[in-house]
Amino acid sequence: MREQLYIRMINDFSALHDYVSTIQSSISATAAAVYILKDGQCINEWYAGFHGNNENSRLVDAVSV
């Protein structure tokens with residue numbers, strides 16, 4: 001299984017990431033993301049997966065749309 005993770009954290013959000021990853025798997029999503037703002041500052045940015053199911057799919061990252 002191909003896996004890609006991009007994480008920018010100020011606080012520990014690993015439990016949230018685990019939860020979102022579990023949901024991603026349970027609904028057969030190819031990607032998942034968490035982006036949390038606090039007081040106008042990004043305190044957590046997390047991406048996992050790919051834009052599609054084929055082997056040429058691009059990794060999900062901060063510039064994914």
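Computed from a predicted structure; not experimentally measured.
In this structure, T30 contributes its side chain and N53 its backbone to no donor-acceptor pair below 3.5 Å. Remark: side-chain polar atoms of N54 are paired, donor with acceptor, to backbone N or O of N56 under 3.5 angstrom.
The shortest heavy-atom contact between V20 and A32 is CG1-CB, 3.6 Å. Residues I43 and K38 approach most closely at CD1-CB, 3.8 Å, considering heavy atoms. Closest of all the heavy-atom pairs between C42 and Y35 is SG-CE1, 3.6 Å.
Under 3.5 Å, the side chains of S21 and D18 contain no donor-acceptor pair of N or O atoms.
Between atom CD of residue Q24 and atom OG of residue S28 there is a gap of 9.5 Å, rounded to the nearest 0.5 Å.
Residues L16 and W46 are not in side-chain contact: their nearest non-hydrogen atoms beyond the backbone lie 4.5 Å or more apart.
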Check against side-chain contact (heavy atoms from CB on, under 4.5 Å), F13 and I36: CA-CA 10 Å; F13 288 93; I36 301 173; 3.5 Å; yes
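The side chain to side chain contact (heavy atoms under 4.5 Å, CB included) test applied to I23 returns Y19, S26, I27, not counting sequence neighbours. Under the side chain to side chain contact (heavy atoms under 4.5 Å, CB included) criterion, A31 pairs with V60, sequence neighbours left out.
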